[in-house]
Amino acid sequence: MKNKRLTLPDIIRGYSLLAMIIYHTLWDLAFIAQCSIPWFFSTGAYIWQQSICWTFILISGFCTGLGHHRLKRGTVILICSLMISVITILVIPDEAVKYGVLCLIASGMLLTVPLDSFFKKIPPSAGLTVCFCTFLITRNIPDGFLGFEQFNIAGMPSFLYQNNLTAYLGFPGADFRSSDYFPVIPWIFLYFSGYFLFLFFKKNDLLKYMSPFNIRFLQWMGRHSLIIYLIHQPVIYGAVHIYLAVSR
């Protein structure tokens, strides 16, 4: 008998995607349409934006354990991320996406292929703790420091920060720019935290509790997260430009 699909991971992923769409809509209104949205630049808005990122990446790592054909799916997602980069560089070079969240998720998914047997030898609780703490400690590496948010522990060697290639790892050069930047360090450790969380749930027979209820719209979004992610920004971008054209 085929295993029933768990509802909660889809609901969480659908919720984070819906929140992301709302955030990107506000971003386009604030920066493209020049609408006055003071709250969007507040600490609360930043915390909300970070919570969306954290949730989306963590649940993506968790769902990697539930899925199959990681090599194929990871390759597809990587190709999609490259397409986004090429299109944005050509169409909106000032807001080009380089090493965005899809590139990070593809990298995490592809890395779990060779690392899976090693990860399964580690106690899930230990793997989760080490990966999440490493994420917190390395959160500021793209900004040149070990540390988390405003708490810097130590500066990183400047020679690491060279070019677009080192930017992929988390060491961007001085002239690197991206409107959606999720480098391997620190974000891969949050992704792996999600994967170890899945291993923890599986080891302790907790997956059976992952279907407590249904929210069908969010479940649908969670199941189709890739295609929705790919089309949501062009749709929002187009809608904002139509709004600007009509309101003149």
Remaining members of hydrophobic cluster (4.5 Å side-chain criterion), Met83: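 Its cluster mates, by chain and number, are Ile79.
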Tyr191-Ser107 side chain donor-acceptor pair, cut-off 3.5 Å: no
Geometric class of the [Y]/[X] ring pair [parallel <30°, tilted 30-60°, perpendicular >60°]:
| X | Y | answer |
| --- | --- | --- |
| Trp220 | Phe217 | parallel |
| Phe119 | Phe192 | perpendicular |
| Phe201 | Phe62 | perpendicular |
| Trp48 | Trp39 | tilted |

Main chain of [Y], side chain of [X]: is a donor-acceptor contact present, judged purely on distance under 3.5 Å?
| X | Y | answer |
| --- | --- | --- |
| Thr166 | Phe171 | yes |
| Thr88 | Ser85 | yes |
| Thr64 | Tyr195 | no |
| Ser42 | Pro38 | no |
| Ser179 | Glu95 | yes |

Going by atom type alone, with no hydrogens or angles, which donor-acceptor pairs under 3.5 Å involve a side-chain atom of residues 141-153 and a protein atom two or more places apart or on another chain?
{"from": "Glu149", "atom 1": "OE1", "to": "Tyr46", "atom 2": "OH", "distance (Å)": "3.0"}
{"from": "Glu149", "atom 1": "OE2", "to": "Tyr46", "atom 2": "OH", "distance (Å)": "2.9"}
{"from": "Asn152", "atom 1": "OD1", "to": "Asn140", "atom 2": "ND2", "distance (Å)": "2.8"}

pair [X]-[Y]: side-chain heavy atoms closer than 4.5 Å:
| X | Y | result |
| --- | --- | --- |
| Tyr99 | Leu104 | no |
| Leu226 | Leu102 | yes |
| Tyr181 | Pro172 | yes |
| Trp187 | Phe135 | yes |
| Phe56 | Ile105 | yes |
| Pro212 | Thr7 | yes |
| Phe200 | Leu206 | yes |
| His241 | Ile32 | yes |

Option passing side-chain contact (heavy atoms from CB on, under 4.5 Å) with Phe132 (candidates Thr129, Leu136, Thr134):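 Running side-chain contact (heavy atoms from CB on, under 4.5 Å) over Thr129, Leu136, Thr134 with Phe132 returns exactly one hit, Leu136.
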I'd like to know whether [atom1] of [X] has more than 12 heavy-atom contacts from other residues, nucleotides or ligands below 6.0 angstrom.
| X | atom1 | value |
| --- | --- | --- |
| Phe40 | CZ | yes |
| Phe41 | CZ | yes |
| Phe176 | CZ | yes |

Residues in ring pair (Phe, Tyr, Trp, His ring centres under 6.0 Å) contact with Phe189, at least two apart in sequence or another chain: none
